[in-house]
Amino acid sequence: MGHFRSNLRDLDFNLFEVFRVQEQLGTAPFDEVDIDTARGVLSELNTVARGPLAESFADADRNPPVFDPATHSVTLPQSLRDAYRVLVDGEWWRLGLPVELGGLGIPPTVQWAAAELILGSNPAAFMYMAGPNMAAVIHRNGTPAQQRWAEVMIDRGWGATMVLTEPDAGSDVGAGRTKAIRQADGSWHVEGVKRFITSAEHDLTENIMHLVLARPEGPGTVPRPGTKGLSLFLVPKFHFDGTTGEPGERNGAFVTNLEHKMGLKASTTCELTFGAHGTPAVGWLLGEVHDGIAQMFEVIEYARMMVGTKAIGTLSAGYLAALDYAKERVQGADLPRMLDKTAPRVTITHHPDVRRLLMTQKAYAEGLRAVYIYTATFQDRIRIGEVSGADVSLAVKVNDLLLPVVKGVGSERASEQLLQSLQVLGGSGYLQDYPIEQYIRDAKIDSLYEGTTAIQSLDLLFRKIVRDNGQAFGHVIGEIQTFLDAESGNGRLKEERALLATALADVQGMVASLTGYLMESAQDPTSVYKVGQHSVRLLMAVGDLLVGWLLLRQSEVALTALGGSAPSAKDGAFYEGKVGVARFFAKTVLPQLTAQRLIIETADNALMELPEAAF
C-alpha cells in the first residue's frame, strides 16, 4: 500500500447525490455510460491509485530523473516507469479522450473525479500521460494530415508538451522571441530557447510532440507584436512517417538543462533549445491559420483545471493523513482536566485546536472538490449541447469564469492547509516518515503553474467579469441566491444560511468597488493600482463564497438522507460530518469576507506611492 489516502465516498457523494450526474448519463455523447459504469471506473481506478500507482511516489522524489547533457537525454527511476506502465496498460489515458479518438464517452465530471485519484496518488505520472489530450487539440485544429498525426500520437502512446515560457519573457508570453522561419517545402525552422517545459524529455515514450509558440517569419508573413503575432507549431523530438508514425532521425529540439526543484522532482522541468546544435528544429504550423494563442489556450484551460484538481487532491490526501495520525496519537489530558496530573491521556482529536485545524482542512478539501466538480458540470453541458445543437455560450462563459477559481484558489488553499496538516503531526510531520512534507513541496508549484495567483485573479476580474459584462458571474450569483431563496427559514442551518447571504453581498460589494476603481482609471490611470493590489483578495473571497455555498448545498442533501430511512452507521457519520463542516465554515470563515470587503472599499495607493528604496 502506498502513501495515498483517497476519498472515494466524497467523490461519489458529489457526483451522484449533490450534482446528480447520473441524470445526464445515457444522453449523447454519454449514451454508452450509466451510473454503474461510472462508479466501476472510479472504484477500479481507486484501487490502482492507492496501490501500484502510489508506490513510486516517494522513491521517485528521493531518486529523481537524471539528465545527461552530452546526449540531451533523461533517465527516469524504474519505480516511476513502472507506475507509468500501470496507467498505460490500464488504458486510463482514454478517460479524457472524445469517443471518436478512442475515448470511453465518460462525462467531464467523472473524468475529473478520476483525474483527482491519479493526481493525488502520483501527479508526475499523470503529467507524462499528456500526449493523448494534446493529440485531441491537434485533431480539433489540424489539417487532415495533422489529424492523422494526432491519431498516430494516441495509437503509439507518444508524449507531448506545451511550450510557451522563455527565460526573459516569463509570464509575459507576448514578449517571447522564439521564431519560426518558413521553408520552401512548407515546413518551418524553429529557433529559440524555452524554459520550464514539463515533460520535455524522458524515456517513457518513443517520441514527444512539442506544441511550440513562436513568431512566424518568411515570405507572405506579416509580423505582429505581442500575443497576436504568435503561431503554434508542431515540433516532434524525432521525425516520423506521417502515416505509420514510425520514428526516424532526431529533430533539432534538444533539452539543454533539467531544473533542480523544490518539489515534484519526478516530473522533468526542462530548458528546451531549438535549432542550436547543428540540426534544424523542423516544425509545422498547426492548421492553416496563424492563431497560436487561441489554439494554445485550449491546452492552457485544460492545464489550469488539471493543476487545481491536482492541488485539491493533494490537500485531501494530506488532510486524511493528518486525520489518521490525530486519531492514533495520544498526548496530553483533555483540556478541562489539563491541570489534573492523574487525568488519562487522550488522542489529540480531543484537543480544540487540533479539531479546528482538521475541520478547516476538511472544509477546503471537500469544498474545493465540490468547486471543481461544479465547474465540470458546465463542461458536461457544453459536450451535450455540442451534440444536440443547443446554445452552449453561457456554459462556456461560466466554465471560463470558474477556471481561475479552481486553479488559483485550489492551489493557494492547498499550500496553506497542507501546512496545517503538518501542524497536526507536529515534529513527526517534518520527517520523511510521513508524506506531508513531500505533499507541501510538491503542491507549492501549483500556485505558479499556468500563471501565478495574481495572474489568475486579474484574469477573473478583467476577462471573466468585466469584459463579459458580468453575465457568467451573474449566473453563478443567481444560483446562490436561488439556493438562499428556496429556504423556508426554519431549517436546521438558518443561521448559517444568513451568513452565506452576507458573504454573497460582501463579494458583490468587492466586485462593485474594484469595477469602480477600474472605471475611475479612465480619468486617473493610477486608480488601476487599487485593482492590482486587491484582485487576489477578490479571487480568494469568491473561492470562499463558492466553498461556503457548496458545503451548505451538501449539508441539505445530507440532512435529507439523515431524515430518511435510517442510514448505516458509516453513512450516518459521513452525513453528520457534512452538516458539521458546513456549519463550521459558515461561522468561522465566511464572516471574514466582511472585513475583506471593507479593505477593498477603503483602498488607497499609499503602497504604490512608497519609494522603492523603502522596501
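Here the structure is a predicted model, which is why all the values come from computation and not from measurement. The residues of the chain are indexed from 1 along the displayed sequence.
Looking only at distances, a side-chain donor or acceptor of Q146 sits under 3.5 Å from a matching main-chain atom of G287. Panel note: side chain N141, backbone V137; a donor-acceptor pair is recorded below 3.5 Å. Remark: the backbone N or O of I312 is not paired with any side-chain donor or acceptor of S316 at under 3.5 angstrom. Using a distance-only test at 3.5 Å, with no hydrogens or angles considered, no donor-acceptor pair links the side chain of S513 to the main chain of M510. For T515 (side chain) and V511 (main-chain N/O), a donor-acceptor pair under 3.5 Å exists by modelled atom type. A distance-only check finds no donor-acceptor pair linking the side chain of S43 to the backbone of G40 [under 3.5 Å]. Side-chain N or O atoms of T309 include one that pairs as donor or acceptor with a backbone N or O of M305 at under 3.5 Å. Side-chain N or O atoms of Y517 include none that pairs as donor or acceptor with a backbone N or O of Y529 at under 3.5 Å.
Side-chain contact between R383 and P108 is present, with at least one heavy-atom pair separated by less than 4.5 Å. Between V398 and L394 there is a side-chain heavy-atom pair separated by less than 4.5 Å. Considering only heavy atoms from C-beta on, L95 comes within 4.5 Å of L45 through its side chain. L15 has its side chain out of reach of F19: every pair of non-hydrogen atoms, C-beta onward, lies at least 4.5 Å apart. Side-chain contact check for L164 versus I300: some heavy-atom pair is nearer than 4.5 Å. A heavy-atom distance below 4.5 Å is found between the side chains of V557 and F13. You'll find the side chain of H210 stays beyond 4.5 Å of the side chain of F233, heavy atoms only. Here the side chains of K578 and F574 are in contact, with some heavy-atom distance below 4.5 Å.
Considering CD1 of I293 and OG of S231, their distance stands at 10.5 Å, rounded to 0.5 Å. Here CE of M162 is found 8.5 Å from CG of L213. Values are rounded to the nearest 0.5 Å. How far CG of N122 is from CE of M129: 10.0 Å, rounded to the nearest 0.5 Å. Rounded to the nearest 0.5 Å, atoms OG1 (T314) and CG (D446) are 6.5 Å apart. Atom NZ of K530 and atom CD1 of I600 lie 12.5 Å apart (nearest 0.5 Å). Of the inter-residue distances, the one linking L493 atom CG with R583 atom CZ reads 6.5 Å to the nearest 0.5 angstrom.
A side-chain donor from one of D380 and Q24 sits under 3.5 Å from a side-chain acceptor of the other. A side-chain donor from one of D34 and T37 sits under 3.5 Å from a side-chain acceptor of the other. Between the side chains of Q420 and T360, no donor-acceptor pair is found at a separation under 3.5 Å. Side-chain contact check for S521 and S527: no donor-acceptor pair (N or O, by modelled atom type) lies under 3.5 Å. One side chain, H475 or E479, offers a donor N or O that lies under 3.5 Å from an acceptor on the other.
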If you apply the rule side-chain hydrogen bond (donor to acceptor under 3.5 Å, both in side chains), what do you find for E366 with N14, and how did you get there? CA-CA 9 Å; E366 297 181 7; N14 275 282; over 6 Å; no
Apply salt bridge (charged side-chain N to carboxylate O under 4.0 Å, His left out) to residues E556 and R497 and explain how you reach the verdict. CA-CA 11 Å; E556 276 205 345; R497 296 174 75 94; 2.7 Å; yes
Applying side chain to side chain contact (heavy atoms under 4.5 Å, CB included), run through T502 and D506 and close with a yes or a no. CA-CA 6 Å; T502 300; D506 287 335; 3.7 Å; yes
Run V21 and I35 through side chain to side chain contact (heavy atoms under 4.5 Å, CB included) and show every step you take. CA-CA 8 Å; V21 170; I35 189 172; over 6 Å; no
Could you go through N7 and R369, starting from their C-alpha distance and side-chain angles, then the distance that decides it, and tell me whether this counts as side chain to side chain contact (heavy atoms under 4.5 Å, CB included)? CA-CA 10 Å; N7 199 337; R369 174 179 292 119; 3.9 Å; yes
Dump the intermediate steps for side chain to side chain contact (heavy atoms under 4.5 Å, CB included) on M306 and M127, then the final yes or no. CA-CA 9 Å; M306 181 272 290; M127 292 178 182; 4.3 Å; yes
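Closest non-hydrogen pair, P404 versus D459, comes out as CG-OD2, 3.9 Å. A503 and L590 get closest at one heavy-atom pair: CB-CD2, 4.0 Å. When all heavy atoms are compared, the tightest approach of G318 to L418 is CA-CD2, 3.9 Å. Across F4 and E116, no two heavy atoms sit closer than the pair CZ-O, 4.4 Å.
Within 6.0 Å of CZ on F462 lie more than 12 heavy atoms contributed by other residues, nucleotides or ligands. Environment of CD in E288: sparse, with no more than 12 heavy atoms of neighbouring residues, nucleotides or ligands closer than 6.0 Å. By the 6.0 Å contact criterion, CZ on R224 is open, its count of non-hydrogen atoms from other residues, nucleotides or ligands being 12 or less. Surrounding NZ of K587 are more than 12 heavy atoms belonging to other residues, nucleotides or ligands, all under 6.0 Å away.
The residues E412 and R537 are annotated as not salt-bridged, no charged nitrogen and carboxylate oxygen being separated by less than 4.0 angstrom. By the 4.0 Å N-to-carboxylate-O rule, K407 lies too far from E450 to be salt-bridged with it. Note on K310 versus D442: no salt bridge recorded, every NZ/NE/NH1/NH2 to OD/OE distance being 4.0 Å or above. A salt bridge does not link R304 to E301: none of the charged nitrogens lies less than 4.0 Å from a carboxylate oxygen.
For D468, the salt bridge (Lys or Arg N to Asp or Glu O under 4.0 Å) test picks out K397, with sequence neighbours left out. With sequence neighbours left out, the side-chain hydrogen bond (donor to acceptor under 3.5 Å, both in side chains) criterion links N133 to Y302.
Not less than 6.0 angstrom separates the ring centroid of Y449 from the ring centroid of F196.
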What side-chain donor-acceptor pairs closer than 3.5 Å can you find for residues 538-549, not counting sequence neighbours?
unit_1, atom_1, unit_2, atom_2, d
D544, OD1, Y364, OH, 2.8
D544, OD1, R413, NH2, 3.3
D544, OD2, R413, NH2, 3.0

